[in-house]
Trainee: 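Sharing a structure here in structure tokens format.
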Protein chains: 2
Amino acid sequence: SVNPDLASERQTASFCVEKLTALLDGGAEQTRIRRAVVEAIQSDPVFSRENQYFQTQNERYEAAVRKAVHLQKKMHEMGWTENGPEYKYIYRALAGDVAFLLHRVFMRSISVLGSDKQIAKWIPLATQLQLIGSYAQTELGHGTYLQGLETTAVFDIATQEFILNTPKISAMKWWPGDMGRSATHTVVFAQLYIHGKCYGIHPFIVQIRSLQDHSLCPGITAGDIGPKMSFEAIDNGYLMLKNVRVPRENMLSKFCEVRPDGTYVRQGSQKINYFTMTSVRISLISDEVLTPLMKACTIAIRYSVVRRQSKLKPGEQEAKILDYQTQQEKLLPQLAAAYAFHFINDYLQELFDRGYREIQRKNFDMLPELHALSSGFKAVITHHCTAAVEICLRACGGHGYSLLSGLPSLYTKILASCIYEGENTILLLQTARFLIKCFMAASAGQPVPPSVTYLAAVKPGKCPAKNKSDFLSPDIYTEAYQHVAVRLISSTAAKLQDLIQSGAKKYNAWNQCTVQLVQAAKAHCHYITVKNFAETVEKLETKAGIQRIMKHLCDLFALHGIFSNTGAFLHDGYISAAQMDMVTASYLDLLAVIRKDAVPLVDAFDFTDKSLNSALGSYDGQVYQRLYEWAQKSPTNKMSPAYERYLKPLLHNTLSKL
Amino acid sequence: SVNPDLASERQTASFCVEKLTALLDGGAEQTRIRRAVVEAIQSDPVFSRENQYFQTQNERYEAAVRKAVHLQKKMHEMGWTENGPEYKYIYRALAGDVAFLLHRVFMRSISVLGSDKQIAKWIPLATQLQLIGSYAQTELGHGTYLQGLETTAVFDIATQEFILNTPKISAMKWWPGDMGRSATHTVVFAQLYIHGKCYGIHPFIVQIRSLQDHSLCPGITAGDIGPKMSFEAIDNGYLMLKNVRVPRENMLSKFCEVRPDGTYVRQGSQKINYFTMTSVRISLISDEVLTPLMKACTIAIRYSVVRRQSKLKPGEQEAKILDYQTQQEKLLPQLAAAYAFHFINDYLQELFDRGYREIQRKNFDMLPELHALSSGFKAVITHHCTAAVEICLRACGGHGYSLLSGLPSLYTKILASCIYEGENTILLLQTARFLIKCFMAASAGQPVPPSVTYLAAVKPGKCPAKNKSDFLSPDIYTEAYQHVAVRLISSTAAKLQDLIQSGAKKYNAWNQCTVQLVQAAKAHCHYITVKNFAETVEKLETKAGIQRIMKHLCDLFALHGIFSNTGAFLHDGYISAAQMDMVTASYLDLLAVIRKDAVPLVDAFDFTDKSLNSALGSYDGQVYQRLYEWAQKSPTNKMSPAYERYLKPLLHNTLSKL
């Protein structure tokens, strides 16, 4: 039975939830396929996540390996293939709780960087899990700065082998997933040396464990790097190499080859590599960032309508906590952000697909824009969504702090997205570099990529809004965001030039501007997100109430951004103090409007109870019952040896004294 | 041997580190005592925390009980007493990783709420750990709103007993520490009923486990609530009561008593209870909030001078990451905040001590101010420090994400401080209520408590700063903070009155202002913090460079607050756009200044390696070596059954194919 406090929220939905779900999925047919995958995975007990909050790292690892092996069978059974429409839903349905994700990266790197012969040799074995691969790039001493990697691969003409070494402790490979305990092979990135000359970083296939008994190969030291904030299921590993020899054929050689005589040959364009990073950054947004935020919103909002605490109106029943303005102000902007970023993800995907088509035609013109946008958005979305999940967690008070709420695990995992695949600050600075370059070009009347043409058309002036309802006009707020982005980019460009003109070295001037450059890059991404949300709403069908509620969310997202960052808009008087008060009023009004549809808006994300794995977020809202029943299963509810060892001797004689 | 990159940072300290340590401790004698306690605790292997990142919740619990029992012996051995000068350092030296903390609350509640007879009966047993107590207040359904607690205690005249029940699932006690597995007794808070009339919440001593064999007593259902985001060592528990009878003497009766005939007698003032909450909120700041932040700063800053990544200047060695402006901008404001909050904590302690003296003289005048300040500062400090620890964690990139960095555990634990002992939003609204009341009183010319007299003297006008160095004047920035606090409090008071005058019910008007009320309360606390920091610096001795560096930190704290919240200062033009650019310039300049002393400033916190328990933060800065050696000890570096079960069958026949 559904908690009546939750049921009542669903009765008054202003729109058709099923239609919104289909919109989010990209069509009703996609919804159908997704649900079929979710059903097949979640009804299979091997894939159960029910015990995960109770398990040790070792137990999580073992379960993840079991799942990965079982998944192969399952895919075969279900007729799912890597190119089928179901594929993208499988990982999401597993909530990432499965081994051999780096094995996929191992395969992709061979496919992308390997010769046809290498692909023919390794990919069939890898596909069948007849070997398990990893991807050994990051070292103890180097992550961001790839040129600084210290592992070496020296070509030995005599034996036609490469000799690999991690010459210092800081050169030790550190973090590769699947490497700590599972992998038999890995792709090692190392500085290539031929005749004493360094040719930079290249990839080499290296066997690290015996296929016979899984023992470490000669010259290999490897193991697990131990506990992390999350990713308990993954055996992130370390790897040291001491004079490990691999045949010449093991250097991945689609783009570069070492001939038997030691001649180094570069062939084809390496720009595609660049494109791979872009692709990874965009592809992680959906499963690793948006899905967790949507889950967190679902959990926190459902909980906030069944939790009643204190009296809003004297003499009445205690109020649902979502009826408090402060609770709305915590949660509803996060809900709006989930939608905003869902739509910007569509935009990025579309841009990426277009870029990919161009690249296949050998046209690399879109690459700089694509790189800048994927970097900036990876950073902005991961940062924003991580903060949002934390807000959801805190908004559930003590119960949110229990692992059984599901929220701590969502948080500790999403946090990593701010660090991996490019640390966020570094990425934002790359976006900023692109923006400054485009701004200079635009100022000089040169053409610039589509997403930054606005930099060429800088309009001074003031926000024309006259009353609070004017701030519900997308033109009004989109222009305000654009104005701020232009102002921050242009003023930072000016500061940079001033510093250089007054004699600072370029690198010093850049460093002294980086705090502001980061702000400028964020403002650019924020502007594009708002603009894209508004344009998306414009194009929605007007039936079923979808457009109306999406318009409200778009307004909320935009006004929350202004409300939380008033200084940027007030700075040059583009928005006046009186107008800012209108923004605040409009923003607070919107909270009460969206609050009415809050539960239908999270229902539309269409998570099953098993997907959420949360005592607070279940569809029926039976929070307290679920917390109690689940807690009883915790291994901490068995007798502890602490009683016999430490407590009994103390307590045993008390009886006579009471 | 100390990493030379770290050693060089210490050679150029602009001040005497040992003097600063003494200042933080409150004198060199305190430093001596603290170090002696730390040494005694950390040299005792029973108290070791080295394995904690590898342990399960069950192992952590057992270790915590062992430590708690051993601590009794240790205190006796060392001659430490509960009233001695060493006492306050013991818990800090244990990093809270010890059982029976709620047992202390059990004892304190008996001491404060119990009659002399009750104290005489229970305290000696509890002191000797001959029974283990807990404190059962929070229920599944109620935390914040104590009046809503649903547990009942019905007086039965016939048997002279109270009959206790948790009549619904939401009435189940939930969260009490030490109750899940250890406690034999607990103080239960329940609605008292006599002859069918409810007298509100009262405390009752209830035995829950047998002293003979630790089995649950009749009518008791109790256990552990399972895994949480942190506090693995603590057995937070649940408790259901079904017709549990306790004698009339078990109601704690210093202030209220039920006579044998069922007459309810209230005696003495309960205001002291109110004072207890205040005391807890202030006392948690130091150990639970400031110490973790100081540890996080130490770890992140030491790491940031031994981590080199990428080249700042082309052709040179890779740069220490602390030389990047963006890294300084992440970490140094957190360091400044640690000092700012250390000094505001001194201020609150002093205020509290004064309040306590007054109360002992039956003068309760200071209570409202003390309550408002302790609530607001608890919220502001816990919120700020939690965010700061997260920034430190992220600033260490991938290595920060390893549990071995120590940072994830600091974060997941400090986060709870935003929720316990009063949820932060609720607390800020209590502060806001006080501020609005005082503002109205001040406007009407009535006297107000000392910390809010500034509300009476509202000066219009503009910030007089003319260049960026003017913003290094404490008068300039303190007045700016004051101005913002007054503006936010007065404008919210005006909105509240407008709403009421236009017909809104009071409770509705209040709810519609809560987002802004929270902002106002924060602004007030921020202002007091800045003012107190500036005044503290003013009073410091000018020798040994201490005052100079503290002045820089004070400036940084103040300017960072303006820089991060520009809108509040720009809104009514108190600070102009041109002045805000000066703030930014001054702020960024300061980062480079403080960066030079960053390591000495964290060295002054004087944590030992064992205190930090971090691979990144050790005094010698041998980060990579430590990560590697420590990771090898992880239980994930044992052979997993996953190989035999799942991998061997797949891999075994591959050999022939390669």
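Labels below follow one simple rule: chain letters A, B, ... track the order of the sequence lines, proteins then strands, and each chain is numbered from 1.
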Trainee: Chain A: which of B:Ile132, B:Leu404, B:Asp572, B:Val623 shares the most heavy-atom pairs with it under 4.5 Å?
Mentor: B:Ile132

Trainee: Applying the side chain to side chain contact (heavy atoms under 4.5 Å, CB included) test to A:Thr636, which of B:Ile225, B:Asp235, B:Asn58 qualifies?
Mentor: B:Asn58

Trainee: So, for A:Tyr401 and B:Ser230, which heavy atoms are closest and what is the spacing to 0.1 Å?
Mentor: OH-CB, 3.2 Å

Trainee: Specify the closest pair of heavy atoms between A:Gln325 and B:Val515, including all atoms of both residues, with the distance to one decimal.
Mentor: OE1-N, 3.0 Å

Trainee: Considering only heavy atoms and a distance below 4.5 Å, find which of A:Leu393, A:Leu627, A:Val518, A:Asn653 pairs most often with chain B.
Mentor: A:Leu627

Trainee: At a heavy-atom separation under 4.5 Å, does B:Trp122 approach chain A through its side chain, its backbone, both, or neither?
Mentor: side chain

Trainee: In terms of heavy-atom proximity below 4.5 Å to chain B, should A:Ala568 be classed as side chain, backbone, both, or neither?
Mentor: backbone

Trainee: What are the two closest heavy atoms between A:Pro227 and B:Tyr53, and how far apart are they?
Mentor: CG-O, 3.3 Å

Trainee: Rounded to the nearest 0.5 Å, what's the gap from CD on B:Gln57 to OG1 on A:Thr56? Could you check?
Mentor: 12.5 Å

Trainee: Under 3.5 Å, is there a donor-acceptor pair between the side chain of B:Asn637 and the main chain of A:Asp224?
Mentor: yes

Trainee: Working note: A:Glu390 + B:Leu415, criterion side-chain contact (heavy atoms from CB on, under 4.5 Å); need CA distance, chi angles, decisive distance, verdict.
Mentor: CA-CA 10 Å; A:Glu390 197 206 24; B:Leu415 176 66; 3.9 Å; yes

Trainee: Of all of B:Arg66, B:Met580, B:His652, which one pairs up most often with chain A through heavy atoms under 4.5 Å apart?
Mentor: B:Arg66

Trainee: Sort A:Gln327 into side chain, backbone, both or neither according to what part of it lies under 4.5 angstrom from a heavy atom of chain B.
Mentor: neither

Trainee: Restricting to non-hydrogen atoms, name the atom on B:His399 and the atom on A:Leu140 that form the minimum distance, rounded to 0.1 Å.
Mentor: NE2-O, 2.8 Å

Trainee: Using non-hydrogen atoms only, which part of A:Tyr411 is less than 4.5 Å away from chain B: side chain, backbone, both, or neither?
Mentor: side chain

Trainee: Can you see which heavy atom on B:Gly143 is nearest to which on A:Gln309, and at what distance?
Mentor: N-OE1, 3.0 Å

Trainee: Using every non-hydrogen atom in the two residues, find where A:Gly226 and B:Ser634 come nearest and quote the distance to one decimal.
Mentor: CA-OG, 3.6 Å

Trainee: Between A:His142 and B:Arg308, is any side-chain donor less than 3.5 angstrom from a side-chain acceptor?
Mentor: no

Trainee: Would you please test B:Leu655 and A:Gln212 for side-chain contact (heavy atoms from CB on, under 4.5 Å) and show each step?
Mentor: CA-CA 7 Å; B:Leu655 211 50; A:Gln212 205 69 50; 2.7 Å; yes

Trainee: Just checking A:His383: does its NE2 atom have more than 12 heavy atoms from other residues, nucleotides or ligands closer to it than 6.0 angstrom?
Mentor: no

Trainee: Side chain, backbone, both or neither: which part of B:Leu588 has an atom under 4.5 Å from a heavy atom of chain A?
Mentor: side chain

Trainee: Salt bridge or not between A:Glu423 and B:Lys330? Use side-chain N to carboxylate O under 4.0 Å.
Mentor: yes

Trainee: Tell me if the centroids of the rings in A:Tyr238 and B:Tyr624 come within less than 6.0 Å of each other.
Mentor: no

Trainee: Do A:Glu62 and B:Pro641 come within less than 4.5 Å of each other through their side chains, counting heavy atoms only?
Mentor: yes

Trainee: Quick check on A:Ser491 against chain B: is it the side chain, the backbone, both or neither that has a heavy atom closer than 4.5 Å?
Mentor: neither

